[in-house]
Amino acid sequence: MWKKIASIALIAWCARAERFEAAEAHMGTLVRITIYAENDSAIQPAFARIAELDQELSDYKPDSELNRVCRAAHARPVRVSGDLYRVLEAAQKLAARSGGAFDVTIGPVTHLWREGKLADPQTLARVGWRNLVLRDHSVFLKLERMQLDLGGIAKGYAADEALKILAALGVKRALVAVSGDIAAGDAPPGKSGWTIRSDPGGRLLSLRNAAVSTSGDTEQFLESGGKRYSHIIDPKTGLGLTDRIAVTVVARRGLDADPLATAISVLGEARGRAMAARYYPGAKVFVAAP
Ligand code: ADP
Ligand code: MG
């Protein structure tokens, strides 16, 4: 009896849920939120959470928390927000697991890259994940003029966090796409998952309560001496990757999928797959050579 009433109520509720979609510019890219709900009132708070994270984690905004910490944390350890600490902890864990292929201290090199310049040995000397020390919610930078760059991990975390805001407001059937870093909640009504086309492999994925990230986009590159250098840098050489591989990773959280995709791009398919299988057994890895 109660079961029957509950299922009728569920059907009535599902029938009321409408599809809402909105897009806004954040984190230097387009963020798209899609939900099934009675109304779209949960969408703005989710975008606001992403804007808040951008203010904490961006290395483009001079007054972001990240950049303020970079300027101060060589003199003494600096206590940081829960978000920044969580992202840095995840980054350092993957740095160790990937043998330094993923390294958020790569900032001095990526900043040169943005000016169209290749790294020189003095710049590379300011890079190295072991020079970033995390303890008791504080950050300490061992070298002078270090620069952290969370471009390979922050978007995945932001997608996770926006999804959490939506869920807290009662909207569980939701999809948050921060460019190629996508987090999915419960499936749309009547479906078993959200259909996502992995880019540029073109494979169709069905996703529910999981995240997917693709790295190695072919649009961002620097051309020098007839070579194309990707915006993904091999920390060992300080140079952007020249092999064109695109890596798509499906994991439970964007906080894992996003940096894993970047790390596997640097490691190459064989070593990348081995690392993922060892430390992230639940993750799925797809590699395409575009
Ligand atoms: P996208 O930004 O296209 O989603 P990624 O998630 O792979 O691609 O992130 C690439 C960004 O990560 C670069 O623009 C740079 O900010 C940063 N980055 C580049 N190389 C590394 C690396 N080896 N480890 C960590 N972050 C990196
Ligand atoms: Mg990434």
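Counting convention: from 1, in listed order, for ligands and their atoms alike. Numbers for residues simply follow the sequence, beginning at 1.
- Heavy atoms of Ala263 come nearer than 4.0 angstrom to ligand 1 in no pair at all.
- Checked against ring-ring contact (aromatic ring centres under 6.0 Å, His included), Phe286 has no partners two or more places apart in sequence or in another chain.
- Atoms of ligand 1 found under 4.0 Å from any heavy atom of Asp258, numbered from 1 in the order shown, are 6 (O).
- Between Pro235 and ligand 1 there is a heavy-atom distance shorter than 4.0 Å.
- For the pair Val266 and ligand 1, the shortest N or O to N or O distance does not fall below 3.5 Å.
- Enclosure of atom CZ in Arg114 by more than 12 non-hydrogen atoms of other residues, nucleotides or ligands within 6.0 angstrom is indicated.
- Looking at Thr110 next to ligand 1, no N or O pair under 3.5 Å apart turns up.
- In this comparison of Gly100, Gly152, Ala101, the heavy atom closest to atom 12 (O) of ligand 1 sits on Gly152.
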Before you tell me yes or no, could you show the steps for Leu267 and Ser98 under side-chain contact (heavy atoms from CB on, under 4.5 Å), namely the whole-Å CA-CA distance, both residues' side-chain angles and the distance that decides it to 0.1 Å?
CA-CA 8 Å; Leu267 288 171; Ser98 66; 4.2 Å; yes
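- Every pair passing ring pair (Phe, Tyr, Trp, His ring centres under 6.0 Å) that includes a residue from residues 119-138 is listed here, sequence neighbours excluded: Tyr85-His137.
- Taking every non-hydrogen atom of Asp103 and a distance limit under 4.0 Å, the qualifying atoms of ligand 1 come out as 22 (C), 24 (N), 25 (C).
- Using a 4.5 Å cut-off on side-chain heavy atoms (C-beta onward), Val87 and Leu53 make no contact.
- The closest side-chain donor-acceptor pair between Asp149 and His111, if any, does not fall under 3.5 angstrom.
- Taking every heavy atom of Ile232 and a limit of under 4.0 angstrom, the matching atoms of ligand 1 come to 7 (O), 19 (C), 20 (N).
- For the pair Arg49 and Asp83, the salt-bridge criterion is met [side-chain N within less than 4.0 Å of a carboxylate O].
- Taking distance alone, with nitrogen or oxygen atoms compared against 3.5 Å, Arg114 stays at or beyond that limit from ligand 1.
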